[in-house]
Amino acid sequence: MSDTASPPRTLFEKIWDRHRILEREDGQVLLFVDRHLIHDGTAPAFVTLRQRGIAPRAPDRIFATPDHYVPTDHRKVAQIADAERRGMVEALERDTAAHGITLFGLEDRRQGIVHVIGPEEGLSQPGLLIVCADSHTSTHGALGALAFGVGMTEATHVLATQTLWQRKPKTMRIAVEGELGPGVGAKDVILAIIAQIGTAGATGHVIEYAGSAITGLSMESRLTLCNMSIEAGARAGMVAPDETTYAYLAGRPYAPKGRDWDAALARWRALPSDPGAVFDREVTLDAGAIEPMVTWGTSPEDALPISATVPDPADTPDPERRGAMERALDYMGLSPGTALADIPVDRVFIGSCTNGRIEDLRSAAAVVRGRRVAPRVQAWVVPGSGLVREQAEAEGLHRVFLEAGFEWREAGCSMCLGTNGEIVAPGQRCASTSNRNFVGRQGPKARTHLMGPAMAAAAAVTGRLTDIRRLEG
Amino acid sequence: MEVFRRLDAAAMPIDRPNVDTDQITPARFLHKPRSDNHGTYLFHDVRRRADGTPDPAFPLNQEAFAEARIIVADRNFACGSSRENAVWALHDHGFRAAIAPSFGDIFFSNSLKNGLLPVVLPQPVVTDLLAALQEQPGARVQVDLEEQTVTTPDGTVHRFEVDPFSRHCLLNGIDELAYTQELAPQIDAFMNRYGRENR
């Protein structure tokens with residue numbers, strides 16, 4: 001063996017090394033940023049740039065779309081009733097126009113949630129370093145990119161310099177081995193992972209998801225998986241690029257074409273972690289043991305199989321954990337011992353950067369077809385982008401939802417966090433395909449149960465949390 | 001950026017783990033401009049009862065913590081969303097330091113860039129400190145960035161680690177962007193080479 005051979009490196013390390021400009025005395029590294037995605041919450045960064053008389057360093061590397069503040073019942077900026085929210089969308093239009101930044105605006109069919117349109121447009125590619133002032137930027141790691149959320153000061157820094165200071169995170173490999181059971185999808189896998197390692201289980205780490213159950217996932221399922229990496233505290237989540245990745249990217253608007261594609265493909269094929277590459281932590285899960293999951297509390301780690309019952313804090317020896325459970329159950333209005341599948345819901349939300357893609361809508365529609373939304377349940381489908389909505393309509397999915405009594409809405413973040421005003425009312429209980437069940441996340445005093453799209457659809461038609469495997473045909 | 005050297009102030013305990021940034025600043029206030037006083041949004045919903053009145057059990061509503069400038073919380077403080085508004089809310093309310101056994105990564109980084117010093121101390125130290133602050137509401141804590149120490153109400157001195165560059169920036173009120181702009185030639189050279197290699 002040659003002694004000049006470089007030591008085996010992980011996918012993360014290869015991307016990190018390729019983007020490193022220089023290292024500071026304290027060990028922080030200045031990284032080059034390939035793509036900066038911005039949305040209608042990024043306005044304060046442009047305010048700072050103006051105050052300091054700085055223009056964006058590389059406008060051609062910045063891509064924008066409004067998602068947080070847009071209504072999902074119409075597509076007219078001028079008709080956004082709330083002046084402050086309208087102002088956020090208008091500021092994005094103004095700031096992008098002023099600097100020649102590509103904008104997928106509200107009336108553009110390509111508009112959508114920033115983490116849905118990045119992959120959809122082919123902007124998110126293997127080996128790229130992608131940042132966005134939103135914690136769910138981890139989504140793009142599904143394509144083999146290093147992608148993470150940043151704060152507003154960091155976004156300002158990236159706008160001004162196209163670089164970012166970072167201390168090298170640790171690496172963690174989560175292997176899910178075996179075959180997923182019937183009714184079990186990517187959302188169940190990630191909820192099971194977070195339930196196992198905890199909401200701070202991967203803090204300071206970049207996760208690489210691996211194992212046969214992961215490589216067997218579709219691209220869209222991998223996006224769901226990586227999306228919630230931040231809910232385990234991770235800096236980023238990623239999946240090594242493979243044939244699934246390349247097939248997904250081929251022909252997308254911003255993917256390389258012709259000879260550029262061939263050159264890119266050659267680079268991408270060198271990215272997966274080398275045999276023998278060492279991770280700081282390794283976790284393994286048995287895919288076959290994962291059941292359809294649902295959350296019962298106010299942290300994504302409060303997740304259990306749908307066949308379980310609401311846990312009893314009295315069974316928990318750790319007083320701190322017991323206190324947290326008691327507060328969560330009080331907020332959620334739940335009693336220990338109640339079967340999760342007996343919990344009635346008032347609202348259903350199918351959408352978000354976690355589960356707002358076409359495969360999610362197909363999976364929900366398959367459950368809804370021929371059924372009706374239960375009485376007194378208000379159910380929404382909010383596609384992740386205009387193109388997802390178009391595709392769903394081409395497949396007739398919108399009719400399935402509408403005929404069942406769902407609302408079929410326009411693209412945006414919507415009720416995942418309610419920044420646009422679309423919230424769950426106080427005390428209402430929502431079956432949601434989004435990513436956070438935090439106190440007040442979907443609105444003050446709103447109660448959120450996280451689950452996958454088929455389970456949310458099942459909850460809509462039965463009026464209660466439902467084991468998708470037991471839903472009678 | 002505001003200078004941080006030493007702080008001797010009342011410390012407010014939030015004795016729970018995994019306090020997320022949605023609790024610190026609810027999403028419906030995220031569109032408020034930086035020029036607002038974000039302190040009015042701090043813990044906006046969790047400090048209130050169902051009828052909207054202040055919950056007297058929540059420390060932020062208690063007279064003893066009216067002048068608190070240090071917040072002490074349990075592990076994984078400020079996890080979740082990247083919203084810098086969570087830092088703005090704490091800062092605008094008057095907090096200049098946060099002590100916890102661990103923090104959400106993005107919040108930790110956001111804090112350092114806004115003159116709010118995040119201090120990691122071992123879990124047993126924080127557990128004891130939380131108990132002490134609940135037994136003696138309004139007790140003072142000293143945070144010294146130059147010495148990298150926290151002095152708890154019982155007089156015990158605990159050393160903490162801080163990134164040297166962030167420490168330098170906080171001690172001198174320097175922001176990172178001004179520093180990076182000096183590196184423009186190196187960045188330009190990198191971008192030229194990178195552009196050639198990745199056509």
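Lettering of chains follows the sequences in order, A, B, ..., and the numbering in each one begins at 1.
Heavy atoms of B/Asn18 lying under 4.5 Å from chain A belong exclusively to its side chain. With a threshold of 4.5 angstrom between heavy atoms, B/Ala178 approaches chain A through its backbone and through its side chain. Heavy atoms closer than 4.5 Å to chain A are found nowhere in B/Arg34, neither backbone nor side chain. With a threshold of 4.5 angstrom between heavy atoms, B/Val87 does not approach chain A through any atom at all. If you measure heavy-atom distances from B/Phe107 to chain A, you find no contacts under 4.5 Å at all. In this structure, the portion of A/Thr163 lying under 4.5 Å from any heavy atom of chain B is its side chain and not its backbone. Residue B/Asn85 does not touch chain A at all, counting heavy-atom pairs closer than 4.5 Å. Using a 4.5 Å cut-off between heavy atoms, B/Ser109 contacts chain A through its side chain alone, with no backbone atom that close. Interface remark: A/Arg321 contributes no atoms to any contact with chain B (heavy atom separation under 4.5 Å). Interface residue A/Ala58: only side-chain heavy atoms are found under 4.5 Å from chain B. Only the backbone of B/Arg48 comes within less than 4.5 Å of a heavy atom of chain A; no side-chain atom from C-beta onward does.
Comment: B/Asp22 engages A/Arg441 in a salt bridge, judged by a side-chain N to carboxylate O separation of less than 4.0 angstrom. A salt bridge does not link B/Arg83 to B/Asp20: none of the charged side-chain nitrogens sits closer than 4.0 Å to a carboxylate oxygen.
Between the side chains of B/His31 and A/Asp40, no donor-acceptor pair of N or O atoms lies under 3.5 Å. Looking at B/Thr53 and B/Asp51, their side chains do bring a donor and an acceptor atom within 3.5 Å of each other. In the model, B/Glu84 has a side-chain atom that pairs as donor or acceptor with a side-chain atom of A/Thr153 under 3.5 Å. For A/Thr199 and A/Glu231, the side-chain atoms include no donor-acceptor pair closer than 3.5 Å.
Between chain A and the residues B/Gln23, B/Glu176, B/Gln186, the largest count of heavy-atom pairs under 4.5 Å involves B/Glu176. When B/Ser102, B/Ser81, B/Pro164 are compared by the number of non-hydrogen pairs under 4.5 Å with chain A, B/Ser81 comes out ahead. Across B/Ala50, B/Pro17, B/Ala184, B/Gly104, the residue that shares the most heavy-atom pairs under 4.5 angstrom with chain A is B/Pro17. Of the listed residues (B/Thr127, B/Asp74, B/Val46, B/Asp15), the greatest number of heavy-atom pairs within a distance under 4.5 Å of chain A belongs to B/Asp74.
For the pair A/Arg24 and B/Phe165, the cation sits on the ring face: its NZ or CZ lies under 6.0 Å from the ring centre, inside 45° of the axis.
Within the 4.5 Å cutoff, side-chain heavy atoms of A/Cys353 are placed close to those of A/Asn435.
Sparse packing is recorded around NZ of A/Lys170, with 12 or fewer heavy atoms of other residues, nucleotides or ligands lying under 6.0 Å away. The local environment of CD in B/Glu67 is sparse, with at most 12 non-hydrogen atoms from other residues, nucleotides or ligands closer than 6.0 Å.
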